[in-house]
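Okay, so here's the structure we're looking at.
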Amino acid sequence: MIPPDHPRYRSLVIRERLARCAREGVVALEGLAAHGRAEAFDYLIGEKSTATAREAARVAAALVHKARHPVLSVNGNTAALAADECARFQEVTGCGVEVNLFHRSEERIARITRLLEEAGATVLKGAPERLIPLQHDRALCLPNGIGSADLVLGPLEDGDRCEALRAMGRTVVTIDLNPLSRTARTATLTVVDELTRAMPLITEAYREMSPGEADALVQNLDNHYLLQAAIAEIVRELSRALD
Ligand code: ATP
């Protein structure tokens, strides 16, 4: 039992949840390492959504507005941390939700699907095909889901798949606390923020966005600028750290 007045209460509760989800087979053990890297970057941005993250979240919402067939791609960590936030995002945007895993097994797909459905999401199902040119199993996706999506929102995306989707002409929006990852640099747009903070920001921005604002934000999209701004925020945060 973690005492609620522990200074790192939230972080410890999340670790406990991820460990439980790993024991249940929802999160891959490698996912725990990915979470650790993210925690370190979250420390560096001050464990809050920065001004740049908020700006990027609005651009992400604008891209989803303009998309014909947006699909949210969910992996084990995303489902373990943010099943409710994914369901809410789908409710507001009407996007498709598909489970797509690097460490894929039918059992893990079923567990993650159940977790999402319990949160209220409708999950795409069917026979997956190798529709993305990758050697590993993230190539497998549904023809009516990621296979035909013009926009893939892939939080905690991996660099390979991001590059492959971009080469296929798809718009890729990612949420990644590491502004230096290959994914962050190759995505159409990266929201440098923690998943459970970023998803509601994108959802709410989508809800209140006018078509005019969406057009303007998409026209001015500049991922490189946003990544540089995110790095500048980390540097500012660090320079104040010991004040
Ligand atoms: P790349 O191939 O893009 O360089 P990577 O090898 O660094 O990525 P992966 O393990 O494929 O990373 O993916 C995990 C990424 O997701 C990491 O960059 C990590 O910082 C990020 N991440 C993990 N958990 C969260 C979270 N809760 N919120 C935001 N980002 C996260």
Side-chain angles (χ1 to χ4, degrees), residues 8-22 26-50 52-54 56-57 60 72-86 88-89 99-104 108 112 115-116 119 132-139 152-167 170 172-203 223-224 226-227 230-231 233-234 237:
R8 302 215 56 75
Y9 178 74
R10 191 182 134 73
S11 153
L12 294 178
V13 168
I14 288 174
R15 281 185 189 178
E16 200 173 62
R17 185 180 332 154
L18 280 172
R20 178 171 37 81
C21 286
V26 167
V27 167
L29 289 179
E30 293 79 356
L32 299 179
H35 180 74
R37 181 179 293 166
E39 275 192 334
F41 277 99
D42 206 16
Y43 222 106
L44 296 180
I45 67 167
E47 296 176 313
K48 58 179 186 309
S49 299
T50 63
T52 309
R54 288 172 190 280
L72 172 63
S73 175
V74 179
N75 67 3
N77 281 41
T78 302
L81 293 172
D84 289 344
E85 289 83 352
C86 290
R88 171 78 182 143
F89 178 77
V99 180
N100 180 272
L101 305 175
F102 187 90
H103 302 282
R104 186 182 179 108
R108 271 196 82 210
I112 294 168
L115 200 60
L116 289 165
I132 306 175
L134 292 168
Q135 295 304 317
H136 54 73
D137 278 353
R138 291 204 88 177
V152 177
L153 173 57
L156 289 45
E157 182 58 71
D158 83 79
D160 282 26
R161 191 178 73 140
C162 184
E163 267 175 40
L165 285 169
R166 294 289 290 126
R170 312 301 175 87
V172 179
V173 177
T174 192
I175 299 168
D176 192 335
L177 275 159
N178 177 3
L180 303 171
S181 73
R182 270 184 313 149
T183 303
R185 287 181 287 134
T186 45
T188 312
L189 176 76
T190 306
V191 182
V192 180
D193 199 2
E194 199 279 324
L195 173 69
T196 60
R197 294 196 304 263
M199 287 294 293
L201 285 178
I202 302 172
T203 305
N223 196 46
H224 185 72
L226 288 166
L227 289 177
I231 291 168
E233 278 166 330
I234 291 175
E237 186 72 23

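Starting from 1, each residue takes its place in the sequence as its number. What you see below is based on every heavy atom in this structure, not just the backbone, and it leaves out hydrogens, waters and symmetry mates. For clarity, every value in this text was computed on a predicted model and none was experimentally measured. Order of listing sets the numbers, starting from 1, for every ligand and every atom in it.
Counting atoms of ligand 1 from 1 in the listed order, those under 4.0 Å from a heavy atom of Asp158 are 11 (O). In summary, the atoms of ligand 1 found under 4.0 Å from a heavy atom of Ala34, numbered by their order in the structure, are 10 (O), 14 (C), 19 (C), 23 (C). Near Leu81, meaning under 4.0 Å from one of its heavy atoms, ligand 1 places the atoms 27 (N). Taking every non-hydrogen atom of Gly159 and a distance limit under 4.0 Å, the qualifying atoms of ligand 1 come out as 1 (P), 2 (O), 3 (O).
A 4.5 Å side-chain heavy-atom check between Ile234 and Pro179 finds at least one atom pair inside the cut-off.
Where the criterion is an N or O separation shorter than 3.5 Å, residue side chain and backbone included, Arg37 meets it with respect to ligand 1. Among the atoms of Arg182, some N or O lies under 3.5 angstrom from an N or O of ligand 1. For ligand 1, the polar-atom distance check finds an N/O of Leu195 within less than 3.5 Å of one of the ligand's N/O atoms. For ligand 1, one of its N or O atoms has an N or O atom of Thr183 under 3.5 Å away.
Heavy-atom proximity to atom 19 (C) of ligand 1, evaluated over Leu177, Thr186, Asp176, Asn178, is greatest for Asp176. Ranked by closest heavy atom to atom 23 (C) of ligand 1, the top entry among Pro155, Ala82, Ser181, Ala38 is Ala38.
Atom CG of Asp193 is separated from atom CD1 of Ile175 by 8.0 Å, given to the nearest 0.5 angstrom. One finds the CG atom of Asp176 at 8.5 Å from the CZ atom of Phe41 (value rounded to the nearest 0.5 Å).
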Exercise. Given Thr183 and Glu157, is the side-chain hydrogen bond (donor to acceptor under 3.5 Å, both in side chains) satisfied, shown in steps?
Worked result: CA-CA 6 Å; Thr183 303; Glu157 182 58 71; 5.9 Å; no

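The main-chain N or O of His103 is found under 3.5 Å from a side-chain atom of Arg108 such that the two form a donor-acceptor pair. Ser73 places no side-chain N or O within donor-acceptor distance of the main-chain N or O of Gly154, the cut-off being under 3.5 Å. In terms of modelled atom types and a separation under 3.5 Å, the side chain of Arg17 and the main chain of Ala80 share a donor-acceptor contact. With hydrogens and angles ignored, the 3.5 Å screen pairs no side-chain donor or acceptor of Thr78 with any backbone N or O of Val74.
Looking at Asp193 against ligand 1, only its backbone comes within 4.0 Å, counting heavy atoms.
Protein heavy atom in closest approach to atom 27 (N) of ligand 1: Glu194 OE2, 3.1 Å. Shortest contact from atom 16 (O) of ligand 1 to any protein heavy atom: Leu156 CA, 3.7 Å.
When each of Asp160, Val172, Thr188 is tested with Leu165 by the rule side chain to side chain contact (heavy atoms under 4.5 Å, CB included), just one qualifies, namely Val172.
Distance remark: protein heavy atom present below 4.0 angstrom from atom 12 (O) of ligand 1.
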